[in-house]
Amino acid sequence: MERTLSYVEAIREATDQEMERDPAVVVFGLDVDDPKAIQGTTRGLVEKYGPERVFGTPLSEDAMTGVAVGMALAGLRPIHVHIRMDFLMLAMNQLVNVAAKSRYMYGGQVQVPIVVRSMIGKSWGQGAQHSQGLYSFFMHVPGLKVVAPATPYDAKGCLVHAIRDNDPVMYVEHRLLHFQKGPVPERLYSVPPGRARVTAAGKDATLVGISYMQVECLRAQRYLEDAGIAAEVIDPIWLSPLDTETIVESVRKTGHLCVVDNGWSTCGAGAEIVARVAEHFQGSRAIKVKRLGFAPVTCPPTPALEDLYYPNARTIASAVFDLVNGKGQSWQPEERRELQEIEFKGPF
Amino acid sequence: MTERFYRSLYRIRRVEETIAEVYPTDKIKSPVHLSIGQEAVAVGVCEALRPKDVVFITYRSHAAYLAKGGDLRKMIAELYGKATGCAKGKGGSMHLIDAAHGVMGASAVVGTTIANAVGYAYAVKLRRRDQVVVSFFGDGGTDEGVFHESMNFAALKGLPIIFVCENNFYAIHTHQNRRQKLANICGRARAYGMPAERIEGNDVFRIHERVRDAVGALGAGASGPFFFECLTYRLKEHVGPNEDYHLGYRRREEAEPWIAGDPVRRLAAMLDGARRARIEDEVEAEIRDAFAFAEASPFPEAAELFTDVTET
Ligand SMILES: Cc1ncc(C[n+]2csc(CCOP(=O)(O)OP(=O)(O)O)c2C)c(N)n1
């Protein structure tokens with residue numbers, strides 16, 4: 001029988017099962033053992049595995065990242081957890097200059113199998129420093145793998161793969177996805193890089209939605225049905241290494257590509273995906289492309305501007321409509337209640 | 001002095017209590033980090049500062065913002081996300097700013113503004129300005145590397161800065177003793193080469209006196225920095241309007257001595273009834289006005305999304 005778990009439960013289960021299987025796996029980070037247990041994703045682990053393998057840390061992201069690297073060099077498989085992605089900025093030196101490079105730089109003598117879990121927020125008045133999707137920073141760096149699962153199934157499978165991977169993996173979660181529920185097998189399975197997933201089939205346009213934007217894209221696909229456009233929706237799942245092939249195959253069919261990023265467009269994941277597809281075709285197939293992402297400004301906390309800042313199902317549908325039918329049609333679907341955004345209530 | 005201090009303490013307390021009341025209505029869509037219980041630190045410190053002095057604060061800084069002279073109407077409007085807010089609705093509760101009154105900036109990322117305050121102090125020294133900088137941060141902030149690097153530099157350069165650690169013992173739900181082997185924040189400061197003193201944080205007069213002396217010394221040409229660790233206590237949850245003793249990370253009994261020593265009540269008892277009632281009435285009227293102002297204010301226009309943007 002198929003089980004349904006939340007994204008949070010899927011992460012918890014993957015961590016639990018991997019810790020059980022492999023005594024080298026340790027979990028640490030600010031608040032992993034506190035009463036809220038990182039939204040519940042680390043609940044019960046300290047009771048089960050003890051405070052040597054599961055522990056909270058001082059507020060020292062930079063040093064603790066370096067510590068994770070050191071642990072990994074000695075054979076552990078640390079999972080370092082950050083309740084917000086913004087805090088990774090404090091650990092850039094260790095991540096970019098050490099974790100990503102060590103295996104290469106030492107001629108293959110060492111490995112750094114660390115997992116860095118971090119969460120993206122959505123504004124709800126949190127503003128500038130708590131609403132950023134910064135995964136493209138890490139996609140830029142060879143030596144770092146980046147994954148942004150959108151479903152509970154992938155949350156578990158990708159985390160399992162990340163833990164077993166011998167290189168550093170940046171594992172990116174979105175707070176809104178934490179609420180999602182879906183089928184998750186109890187058995188241990190992994191979702192490795194190399195395969196993007198077609199989450200809705202269509203022939204007129206290819207929609208690639210990253211992280212939480214996968215949810216909005218699936219809603220946009222329904223809106224587009226009403227306008228007579230059959231959009232194919234793709235979840236890249238792993239952003240680095242990226243499965244370009246699945247996207248290329250889709251665009252070969254549809255001729256229209258819209259990438260919806262959960263971050264800014266400039267130098268973003270969308271830019272990379274569009275560039276790869278364009279490079280692939282080199283004019284052999286006429287294609288039209290579009291990137292959507294956060295407005296190119298600092299995230300505004302006021303609800304009045306927040307709506308304009310984030311892409312949503314209707315603005316995505318509208319952009320795809322223009323892509324397919326030519327610019328400036330200014331079609332935007334009527335809000336459909338049953339497709340509305342899931343409730344996001346603060347405080348966070 | 002007692003009257004002035006009481007007014008400021010009572011005002012901050014009542015502003016935050018009103019925020020906690022309004023919060024469940026969803027009119028304030030911005031996470032609030034209340035400092036109920038910690039007000040005496042902000043008041044004691046800021047009352048010792050001159051209008052030209054500046055403070056750098058954290059996300060838990062309604063108290064310091066108000067104590068330093070930040071505009072109450074603009075603060076509440078900012079929490080409401082209104083165009084009339086102190087940052088036009090673009091800062092939110094965690095990024096209060098009032099440059100005209102020397103409230104120079106807050107960061108949601110712990111420790112960040114410590115270095116910014118040190119940089120400001122460097123500029124003050126370079127320009128030979130008669131100005132003092134205060135950097136507020138929590139005990140959690142002292143875990144961060146930036147704290148240590150900033151302290152070292154400030155001491156090295158003899159900067160006119162006063163570090164104020166508001167030690168409420170917790171970083172979210174984690175006690176200081178689970179993050180630091182020794183409870184010796186002052187000792188760390190001394191190790192970098194500056195005088196450091198631990199003060200009971202409910203004692204607004206003591207804090208005021210010590211900070212005033214430090215400001216005076218810096219004004220007279222003494223070399224900084226100075227460091228104060230003020231022991232205090234947060235009575236509400238880390239973020240949000242409620243209490244959180246049920247979570248189990250701390251016991252209610254732990255709060256009792258702090259409630260018993262509540263500076264708002266302590267000072268209230270020092271004033272005669274009529275004077276006190278007058279202060280309270282005035283403050284209540286001001287608070288009603290500020291919330292009404294925030295309610296009545298417009299949200300920013302859509303075009304505002306693209307103002308104050310760095311062209312790229
Ligand atoms: C660099 C960084 N790491 C983690 C956090 C998450 N966080 C937010 S508030 C907080 C506690 C900080 O405690 P303290 O500095 O003592 O200040 P307090 O909240 O007690 O006033 C933490 C860990 C953060 N905001 N920034």
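Side-chain atoms are counted along with the backbone in the values below, which use heavy atoms only and exclude waters and symmetry mates. Residue numbering restarts at 1 for every chain, and letters A, B, ... go by the order of the sequence lines.
- Remark: the backbone N or O of B/I57 is not paired with any side-chain donor or acceptor of B/S61 at under 3.5 angstrom.
- For the ring pair (Phe, Tyr, Trp, His ring centres under 6.0 Å) test with B/F56, the passing option among B/F163, B/Y65, B/Y120, B/F136 is B/Y120; the others fail.
- There is no contact between B/Q176 and chain A, counting heavy-atom distances below 4.5 Å.
- With chain A as partner, the option from B/G91, B/A171, B/G248 having the largest number of non-hydrogen pairs under 4.5 angstrom is B/G91.
- Applying the salt bridge (charged side-chain N to carboxylate O under 4.0 Å, His left out) rule to pairs touching residues 294-318 of chain A yields A/R314-A/E335, sequence neighbours excluded.
- Counting heavy-atom pairs under 4.5 Å between each of B/A302, B/P300, B/G141, B/G145 and chain A puts B/P300 at the top.
- A side-chain donor from one of B/H62 and B/S93 sits under 3.5 Å from a side-chain acceptor of the other.
- Here the options are A/E173, A/R12, A/H178, A/R117, the test is side-chain hydrogen bond (donor to acceptor under 3.5 Å, both in side chains), and the partner is A/T41; only A/R117 passes.
- Residue with the most contacts toward chain B among A/L30, A/T266, A/D33: A/D33 (heavy-atom pairs, distance under 4.5 Å).
- Applying the salt bridge (charged side-chain N to carboxylate O under 4.0 Å, His left out) test to every pair with at least one member in residues 73-86 of chain B, sequence neighbours left out, gives these pairs: B/R73-B/D289.
- Taking chain A as the reference chain and counting heavy-atom pairs below 4.5 Å, the highest number among B/I172, B/T112, B/T142 is found for B/I172.
- Looking only at atom types and distance, the side chain of B/D244 has a donor-acceptor partner in the side chain of B/Y249 under 3.5 Å away.
- With a 4.5 Å cut-off on non-hydrogen atoms, B/V109 touches chain A through its backbone and its side chain both.
- For a residue to count as touching a neighbouring chain, one of its non-hydrogen atoms must lie under 4.5 Å from one of that chain's; by this rule B/L79 does not touch chain A.
- Looking at B/L247, both its backbone and its side chain come within 4.5 Å of chain A, counting heavy atoms on both sides.
- Contacts between A/T298 and chain B at a heavy-atom distance below 4.5 Å are absent for every atom of the residue.
- With a 4.5 Å cut-off on non-hydrogen atoms, B/S107 touches chain A through its backbone and its side chain both.
- Between the CG atom in B/D26 and the CH2 atom in A/W124 there is a gap of 6.0 Å [rounded to 0.5 Å].
- Contact count against chain B (heavy-atom pairs under 4.5 Å) is highest for A/D31 among A/D86, A/D31, A/D62.
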